[in-house]
**Q** 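My questions will all concern the structure given below.
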Amino acid sequence: QVQLVESGGGLVQAGGSLTLSCAASGRSFSRNVMGWFRRAPGKERDFVASINWNGDGTYYADSVKGRFSVSRNNAKNTVYLQMNSLNVEDTAVYYCAARDRSKVAVMVTDPREYPYWGQGTQVTVSS
């Protein structure tokens, strides 16, 4: 059974940092484009960042560019989202997702292009 499991969420003060992890099990995602999305209360699921299979290609939403950094360790089948300078508007449930292995484009923001999803981890930023 394929699983993506996020961890690392929590409560942090504005200006603080958190690192989210997404661990894949059941199969390897080392050749898949991986993405991070978030859903704030009352809003739709929004794209945050994506990374190509070997980590040398990344793409970010304008709202997080310069503050968030996506990376991966294929030996550990894990993707990370380093989040710095967090603000209240970053409060959301964060999800990691994977594209199909045959889809190599990384600048993909539509969640419908990602067939595999984790259950999400809550990030709350207090003022």
Side-chain angles (χ1 to χ4, degrees):
Q1 183 178 355
V2 175
Q3 273 194 315
L4 297 175
V5 180
E6 302 93 338
S7 61
L11 174 64
V12 63
Q13 286 190 327
S17 299
L18 278 177
T19 299
L20 305 183
S21 299
C22 171
S25 64
R27 54 156 285 188
S28 172
F29 282 87
S30 62
R31 305 295 292 186
N32 296 67
V33 170
M34 302 294 292
W36 285 96
F37 291 78
R38 66 186 181 186
R39 187 195 300 271
K43 296 186 177 181
E44 295 186 352
R45 191 172 300 193
D46 289 331
F47 171 81
V48 174
S50 56
I51 186 167
N52 72 342
W53 74 273
N54 67 355
D56 67 358
T58 57
Y59 186 61
Y60 296 93
D62 288 343
S63 59
V64 306
K65 201 172 296 182
R67 300 188 298 122
F68 290 12
S69 177
V70 59
S71 61
R72 66 192 299 163
N73 184 329
N74 285 338
K76 296 184 177 181
N77 223 15
T78 301
V79 179
Y80 306 95
L81 185 67
Q82 172 70 42
M83 306 185 294
N84 300 321
S85 302
L86 285 162
N87 56 57
V88 174
E89 289 72 32
D90 295 317
T91 294
V93 177
Y94 283 72
Y95 301 88
C96 89
R99 298 200 73 199
D100 189 87
R101 190 176 299 187
S102 63
K103 307 292 186 181
V104 298
V106 67
M107 296 173 62
V108 176
T109 63
D110 187 342
R112 295 172 296 182
E113 295 291 331
Y114 294 78
Y116 305 100
W117 289 86
Q119 83 291 346
T121 186
Q122 176 71 46
V123 172
T124 303
V125 184
S126 63
S127 59

**Q** Verify the cluster assignment for Val106 and Tyr95: are they in a single hydrophobic cluster under the rule of side-chain heavy atoms below 4.5 Å apart?
**A**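 Linked within one cluster.
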**Q** Determine whether a donor-acceptor pair (N or O, by modelled atom type, separation under 3.5 Å) exists between the side chain of Asn77 and the backbone of Arg27.
**A**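 A pair under 3.5 Å: yes.
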**Q** Taking ring pair (Phe, Tyr, Trp, His ring centres under 6.0 Å) as the cut-off, I'd like each qualifying pair that reaches into residues 41-90, sequence neighbours left out, listed once.
**A**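 Output for this query lists Phe37-Phe47, Phe47-Tyr59.
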**Q** Under 3.5 Å, side chain of Thr78 to main-chain N/O of Lys76, donor-acceptor pair present?
**A**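 Checking the backbone N and O of Lys76 against the side chain of Thr78, a donor-acceptor pair under 3.5 Å is found.
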**Q** Tell me whether Val48 shares a hydrophobic cluster with Val33, the cluster being built from Ile, Leu, Val, Met, Phe, Trp, Tyr side chains joined at under 4.5 Å.
**A**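 No, because Val48 and Val33 fall into different hydrophobic clusters, even though each may have its own neighbours under 4.5 Å.
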**Q** For residues 77-96, pull every pair meeting salt bridge (Lys or Arg N to Asp or Glu O under 4.0 Å), keeping only residues two or more places apart or in separate chains.
**A**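 Qualifying pairs: Arg38-Asp90, Arg67-Asp90.
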**Q** If only atom types and distance count, is the side chain of Asn52 paired as donor or acceptor with the main-chain N or O of Gly55 below 3.5 Å?
**A**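 Between the backbone of Gly55 and the side chain of Asn52 there is a qualifying donor-acceptor contact (under 3.5 Å).
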**Q** Do Asp100 and Glu113 have side chains that approach each other closer than 4.5 Å (heavy atoms only, starting at C-beta)?
**A**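 Counting from C-beta outward, Asp100 and Glu113 never come under 4.5 Å.
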**Q** Hey, could you give me each pair passing salt bridge (Lys or Arg N to Asp or Glu O under 4.0 Å) that has a residue in residues 42-62? Not counting sequence neighbours.
**A**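 Listed once each, the pairs are Asp62-Lys65.
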**Q** Taking Ile51's backbone N and O only, do any of them form a donor-acceptor pair with Thr58's side chain (distance below 3.5 Å, no angle check)?
**A**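 No: the side chain of Thr58 does not pair with the backbone of Ile51.
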**Q** Please say yes or no: joined through hydrophobic side-chain contacts below 4.5 Å, possibly via intermediate residues, are Val123 and Leu4 part of one cluster?
**A**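 Yes, it is one cluster - the side chains of Val123 and Leu4 are joined through contacts under 4.5 Å.
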**Q** I'd like to know if Val70 and Met34 are part of one continuous hydrophobic network [Ile/Leu/Val/Met/Phe/Trp/Tyr, side-chain heavy atoms within less than 4.5 Å].
**A**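 Yes, Met34 and Val70 fall within the same hydrophobic cluster.
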**Q** Closer than 3.5 angstrom, by distance alone: can the side chain of Glu6 be matched with the main-chain N or O of Thr121 as a donor-acceptor pair?
**A**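 Side chain of Glu6 to backbone of Thr121, a donor-acceptor pair under 3.5 Å: no, none is there.
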**Q** Kindly say whether Val108 contributes a backbone atom to a donor-acceptor pair with the side chain of Tyr114 at under 3.5 angstrom?
**A**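 Side chain of Tyr114 to backbone of Val108, a donor-acceptor pair under 3.5 Å: yes, one is there.
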**Q** Could you measure the distance from the NZ atom of Lys103 to the CG atom of Asn32? Nearest 0.5 Å is fine.
**A**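 Here the rounded value is 12.5 Å.
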**Q** Any pair with a residue in residues 8-29 that passes ring pair (Phe, Tyr, Trp, His ring centres under 6.0 Å), sequence neighbours left out, goes on the list, sorted by first then second residue, please.
**A**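 Checked against ring pair (Phe, Tyr, Trp, His ring centres under 6.0 Å) - neighbours excluded - the pairs reaching residues 8-29 are Phe29-Tyr116.
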**Q** Side-chain heavy atoms under 4.5 Å apart, restricted to Ile/Leu/Val/Met/Phe/Trp/Tyr: what other residues fall into the cluster of Val104, or is it alone?
**A**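 Its cluster partners, ordered by chain and number, are none at all.
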**Q** Taking Gln119 for its side chain and Val5 for its backbone only, find out whether a donor-acceptor pair lies under 3.5 Å.
**A**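 No; zero donor-acceptor contacts below 3.5 Å.
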**Q** Could you give the side-chain donor-acceptor pairs of residues 10-24 under 3.5 Å, partners two or more places apart or in another chain?
**A**
residue : atom : partner : partner atom : Å
Ser17   : OG   : Asn84   : OD1          : 2.9
Thr19   : OG1  : Gln82   : OE1          : 2.4

**Q** Show, in sequence, the C-alpha distance, side-chain angles and deciding distance for Val79 and Arg72, and conclude whether the side-chain contact (heavy atoms from CB on, under 4.5 Å) test is met.
**A** CA-CA 4 Å; Val79 179; Arg72 66 192 299 163; 4.1 Å; yes
**Q** Ignoring hydrogens and angles, tell me if any N or O in the side chain of Arg99 forms a donor-acceptor pair with the backbone of Ala105 under 3.5 Å.
**A**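 At least one qualifying donor-acceptor pair exists.
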